[in-house]
Amino acid sequence: MNDKFLKPYNPQETESRIYDLWEKSGYFNPDNLPGASSRTPFTIVMPPPNANGDLHAGHALFITLEDIMIRYKRMRGYRALWLPGADHAGFETQVVYEKKLEKEGRSRFGMDPQDLYKEIYDFTLANKKIMEGQVRSLGASCDWSREKFTLDPEVVEKTQKTFVKMFDDGLVYRGKRAINWCSKHQTSLSEVETESVEEATPFYYFKYGPFEIGTVRPETKFGDKYVVMHPDDKRYAEYAHGQKLTVEWINGPIEATVIKDAAVDMEFGTGVMTITPWHSQVDFEIAQRHNLDIEQIIDWRGKLLPIAGEFAGINIKEARPKIAEKLKEKGLLIRIDENYKNVVKRCYKCSTIIEPQIKDQWFVRMEPLAKMALGAVDKGDLKFIPDNYEKIFRYWMSNPIDWNISRQIVWGIPIPAWFKGDEIKASVESPGEGWSRDPDTFDTWFSSGQWPLMMTGFPESRDFGTYYPTDVMETGHDLIFKWIPRMVIFGLYLTGKSPFHTVYLHGLVNDAQGKKMSKSKGNVINPLVLTDKYGSDALRMTLIVGNTPGTDLALREDKVKGYKNFANKVWNIARFILPLENSGDLKQELVDEFNTTARDITSDMEGYRFHLAAEKIYHYIWHRLADEIIEESKAETKGEIKEEYKATLHYLLENSLKLLHPFMPFVTEEIWSELRNLPTSKLTNLLMVESWPQ
RNA sequence: GGGCGAUUAGCUCAGUUGGUAGAGCAACCCCUUUACACGGGGAAGGUCACAGGUUCGAGUCCUGUAUCGCCCACCA
């Protein structure tokens with residue numbers, strides 16, 4: 001027996017060596033597995049980590065979960081393929097990079113877009129490399145030979161072709177609509193990139209001619225020359241649609257026009273409102289219905305335009321109280337309701353209040369696509385774990401809002417759209433002389449939504465035939481709206497098949513007190529610090545045991561320590577058993593008992609109950625094999641082992657290592673090589689390709 | 001305003017189809033016994049949020065209540 005067994009298990013000296021062994025074996029690529037062509041494929045596409053920072057605890061969790069599934073299926077005889085990649089993460093990365101620029105006293109505004117792109121590209125590639133090393137350190141048995149990046153030229157071109165196809169199919173349109181504008185980041189954002197927070201906002205009642213109007217946004221009211229009420233509202237029956245009135249307003253008298261529209265809620269406020277179509281989707285729709293003038297009041301930086309007269313150039317935040325004050329001086333302020341609660345949208349990155357602005361953008365028509373997705377769920381082609389997420393998915397798909405895919409940032413895939421006067425064309429290459437390209441880039445989810453297709457070699461390749469549709473999509477439950485629907489939609493639209501049959505959603509990894517980790521709270525736990533200290537196997541077990549799908553997990557260091565002790569326990573079991581001669585009969589009742597446990601664990605693995613499987617193998621190894629069976633095997637004479645136990649102990653150790661391997665791959669593989677007395681240069685007979693106990 | 005989830009031992013959490021409550025850590029007692037002190041043995045600890053209901057039987061199913069958490073939402 002190797003001398004290293006005389007010392008406690010040392011993950012630091014073991015893990016990277018074992019990982020190299022696996023990687024060199026070539027078995028991460030399932031085409032190299034013994035009998036590959038006759039194996040049934042099992043495929044997982046790794047959610048590509050954003051290549052803009054270190055791996056966090058959430059990454060560690062998904063890498064562990066997916067690696068468990070892949071290792072299990074590989075041992076079960078499947079052609080197990082796990083496809084790794086990295087995401088350029090458009091807006092996310094640009095925000096990270098802008099912060100970096102800010103620290104250096106620089107700004108992206110005024111920079112040459114080409115230079116900026118090049119800088120972010122270098123930054124991202126450097127991060128990507130570091131990140132890949134971190135994924136390896138957690139033991140991920142993914143096929144690096146098939147790795148892709150969302151900005152690989154081939155991926156970019158395919159992504160653009162999808163847009164062109166959707167344009168031809170009438171599924172994308174260029175249109176004016178109220179978009180979510182972040183005045184700090186100078187870009188539009190999709191619905192999922194904003195967060196709505198309820199806030200107490202003063203609600204002002206102003207006198208507007210003969211009417212009383214309510215608003216939370218006096219600063220938008222300069223252009224309000226339409227006063228709208230419900231056609232059935234008897235209180236205002238004397239006023240006719242289209243009637244003109246002269247009213248005294250902020251900067252003097254204006255001519256107001258009465259508009260009757262059913263969009264007005266008679267119950268709310270006074271039942272009368274003035275509209276600001278450029279800065280509200282509801283108002284914009286009313287304006288379109290009646291063919292009204294639409295005028296911008298607030299510029300792209302959040303300052304008032306010349307229409308505001310004396311207030312022009314003032315930031316809207318400062319302008320609001322000033323304008324209210326002026327209206328009060330003019331005797332037009334009736335009262336203020338200070339207790340009004342209003343929902344305010346903010347940029348999910350910088351919390352800047354989102355300003356609705358009307359802008360020409362590309363939108364994806366969601367309704368027909370959402371119907372396809374619902375159909376897949378109805379047919380049972382798409383299942384969710386835990387299953388309550390099906391309801392959430394259905395709800396979202398039943399109320400789809402057209403998706404704005406235009407972003408005014410350089411870091412992304414260019415939208416292949418071309419303009420010449422009023423003409424619009426969609427094509428990857430320039431249509432010719434005189435056409436200018438849309439300067440915008442795609443929302444990052446437009447490319448990551450196609451990720452399962454890209455990773456499997458859509459539209460035609462040997463891989464695509466073999467590995468698409470994939471099997472499981474494992475990701476965080478926070479992506480139930482952001483990512484999952486988009487992948488399902490693109491998969492169904494482009495191939496007619498859902499890109500996966502099962503969606504496994506894990507919860508958030510919180511701090512030891514169960515509180516959400518955040519940089520501002522300073523409670524972020526770096527998983528790599530834990531693996532350095534206790535080993536990756538220990539962290540993996542910590543993240544799995546007791547962690548049910550969809551439920552958040554509190555990451556406690558003492559738990560990690562506990563599983564480091566377990567790794568050492570396994571090590572010492574090996575130390576006890578390995579020197580014993582492996583011969584003679586098996587004790588059938590112990591074998592039967594083990595097999596019953598193994599079947600139970602297998603059933604948990606098949607049912608995605610990894611938290612139970614992990615706990616059961618842990619319990620068996622420590623409290624049954626070590627505490628009881630090994631103790632029983634000791635003879636009266638010191639140092640002697642009962643003859644009839646020897647072969648059985650070998651049997652139980654070997655098979656326990658197999659059951660434990662998906663969870664704790666490093667320590668089990670290390671013991672296995674000693675068990676098989678393998679020279680480290682020999683790459684066959686690795687535990688990772690052994691058969692799962694039946 | 002809707003929706004979802006949670007409420008089980010001091011702490012963090014398990015408990016698949018209903019059958020007299022489990023783990024890890026912490027705390028208590030004993031043991032340096034020749035695989036392991038990153039260890040072993042033992043003891044202790046819960047009216048499973050509350051109130052009803054279904055059932056021979058409910059932590060597990062149904063209804064309601066309370067508290068906490070998360071998500072969604074273009075009523076000015």
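At a threshold of 4.0 angstrom between heavy atoms, the contacts of Gly639(A) include nucleobase atoms, whether or not backbone atoms are also involved. In this structure, Lys559(A) reaches neither bases nor backbone, as no heavy-atom distance under 4.0 Å exists between it and the strands shown. Glu631(A) comes within contact range of at least one nucleobase, with a heavy-atom separation under 4.0 Å. When heavy atoms are screened at a 4.0 angstrom cut-off, Gly271(A) is found touching base atoms of the nucleic acid. Within the 4.0 angstrom heavy-atom criterion, no nucleotide atom of any strand lies near Phe206(A). Nucleic acid contact for Val264(A): base, since at least one base atom lies under 4.0 Å from a heavy atom of the residue. At a threshold of 4.0 angstrom between heavy atoms, the contacts of Ala178(A) with the nucleic acid are absent. Residue contacts shown for His230(A) are absent, as no nucleic acid heavy atom lies under 4.0 Å away. At the heavy-atom level, Thr276(A) lies nowhere under 4.0 Å from the strands shown. Using a 4.0 Å heavy-atom criterion, one finds that Asn388(A) contacts the sugar-phosphate atoms exclusively. No engagement by Phe284(A) is indicated, since no non-hydrogen atom pair under 4.0 Å with the nucleic acid exists.
In terms of position on RNA chain B, the residue among His619(A) and Lys634(A) whose nearest nucleotide sits closer to the 5' end is His619(A). Summary of the strand contacts: Arg556(A) and Gly214(A) both lie near RNA chain B, and taking for each the nucleotide with the nearest heavy atom, the more 5' one is attributed to Arg556(A).
In this structure, the CD atom of Glu390(A) is 13 Å from the P atom of rC4(B), given to the nearest Å. Note: OH (Tyr563(A)) to C1' (rG24(B)) measures 6 Å, nearest angstrom. rA35(B) atom P lies 11 Å from atom NZ of Lys638(A), rounded to whole Å. With rounding to whole Å, His611(A) atom NE2 is found 12 Å from rA23(B) atom C1'. Taking atom CZ of Arg217(A) as the reference point, atom C1' of rA76(B) lies 11 Å away to the nearest angstrom. Between the CG atom of Asp337(A) and the P atom of rA76(B) there is a distance of 12 Å, rounded to whole Å. For the pair Phe481(A) CZ and rA73(B) P, the interatomic distance rounds to 8 Å; values are reported in whole Å. The CH2 atom of Trp571(A) sits 15 Å away from the P atom of rA37(B) (whole-angstrom rounding).
Checking rC36(B), rA14(B), rA76(B) against every side-chain atom of Asn568(A), the shortest atom distance belongs to rC36(B). Listed candidates were rG40(B), rA14(B), rC38(B). Nearest to the side chain of Leu612(A) is rA14(B). Between rC4(B), rG24(B), rA14(B), one nucleotide has an atom nearer to the side chain of Tyr618(A) than all others, and that is rG24(B). The side chain of Asn342(A) approaches rA76(B) more closely than any other nucleotide in the set rU12(B), rA76(B), rC4(B). Nearest nucleotide to the Asn565(A) side chain, out of rG39(B), rC75(B), rC74(B): rG39(B). The side chain of Asp627(A) sits closest to rG40(B) out of rC75(B), rC4(B), rG40(B). Closest approach to the Phe576(A) side chain among rC25(B), rA35(B), rC4(B) is made by rA35(B) (side chain taken as heavy atoms from C-beta onward).
More than 12 non-hydrogen atoms from other residues, nucleotides or ligands lie less than 6.0 angstrom from CD of Glu631(A). By the neighbour-count criterion of 12 heavy atoms within 6.0 Å, atom CD of Glu367(A) is sparsely surrounded, having that number or fewer from other residues, nucleotides or ligands. Counting non-hydrogen atoms of other residues, nucleotides and ligands closer than 6.0 Å to CD of Glu267(A) gives a total of 12 or fewer.
Atom name P, nucleotides rU16(B) and rA49(B): the rounded distance is 15 Å, in whole Å. Look at the P atom in both rA23(B) and rG45(B): the space between them is 14 Å, to the nearest Å. Rounded to whole Å, the separation between the P atoms of rG57(B) and rG19(B) comes to 14 Å. Here the separation of rG64(B) from rA27(B), taken at their P atoms, is 44 Å to the nearest Å. Rounded to the nearest Å, the gap between the C1' atom of rG59(B) and that of rG22(B) is 12 Å. On the C1' atoms, rG24(B) is 15 Å away from rC38(B), given to the nearest whole Å. With C1' as the reference atom, rC13(B) and rA6(B) are 12 Å apart, rounded to whole Å. Comparing the P positions of rG10(B) and rC56(B) gives an interatomic distance of 35 Å, to the nearest angstrom.
For rC36(B), the OP1/OP2 oxygens have a side-chain nitrogen or oxygen of Arg575(A) closer than 4.0 Å. A sub-4.0 Å separation between OP1 or OP2 of rA35(B) and a side-chain N or O of Lys569(A) is absent. Not one side-chain nitrogen or oxygen of His477(A) sits closer than 4.0 Å to the OP1 or OP2 atom of rG69(B). Taking only side-chain nitrogens and oxygens, Lys221(A) never comes nearer than 4.0 Å to OP1 or OP2 of rA76(B). Regarding contacts with the backbone of rA73(B), every side-chain N or O of Asn399(A) stays at 4.0 angstrom or more from both OP1 and OP2. Remark: Asn572(A) is not in phosphate contact with rC38(B), judged by side-chain N or O atoms under 4.0 Å from OP1 or OP2. For rC71(B), the OP1/OP2 oxygens have no side-chain nitrogen or oxygen of Tyr395(A) closer than 4.0 Å. At the phosphate of rG40(B), OP1 or OP2 sits under 4.0 Å from a side-chain N or O atom of Trp622(A). Applying the 4.0 Å criterion to OP1 and OP2 of rA14(B), one finds that Thr548(A) has a side-chain N or O inside that range.
For the side-chain contact (heavy atoms from CB on, under 4.5 Å) test, residues two or more places apart in sequence or in another chain that qualify with Asp604(A) are Asp600(A), Arg609(A), Leu612(A), Ala613(A), Lys616(A). A search for side-chain contact (heavy atoms from CB on, under 4.5 Å) contacts involving Arg556(A) returns Ala512(A), Asp558(A), Lys559(A), not counting sequence neighbours.
In this structure, a donor-acceptor pair under 3.5 Å is absent between the side chains of Glu670(A) and Tyr9(A). Judged by distance alone, the side chains of His623(A) and Glu628(A) never bring a donor and an acceptor atom under 3.5 Å apart. Side-chain N/O atoms of Asn526(A) and His56(A) include no donor and acceptor closer than 3.5 Å.
At least one donor-acceptor pair closer than 3.5 Å links the side chain of His241(A) to the backbone N or O of Lys260(A).
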Checklist entry - For RNA chain B, what dot-bracket results from Watson-Crick or G-U pairs at under 3.5 Å, with [ ] for crossers and | for inter-strand partners? => result (((((((..((((........))))..((((.......))))......(((((.......))))))))))))....

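Between Asn523(A) and Lys516(A), the shortest heavy-atom contact is ND2-O, 3.0 Å.
Checked against the 6.0 Å centroid criterion, the rings of Trp692(A) and Tyr72(A) qualify as a close aromatic pair.
Relative orientation of the Tyr236(A) and Tyr239(A) rings is tilted, given thresholds of 30° and 60° on the angle between their planes.
Remark: the Gln281(A) side chain and the rA76(B) base include no donor-acceptor N/O pair separated by less than 3.5 Å.
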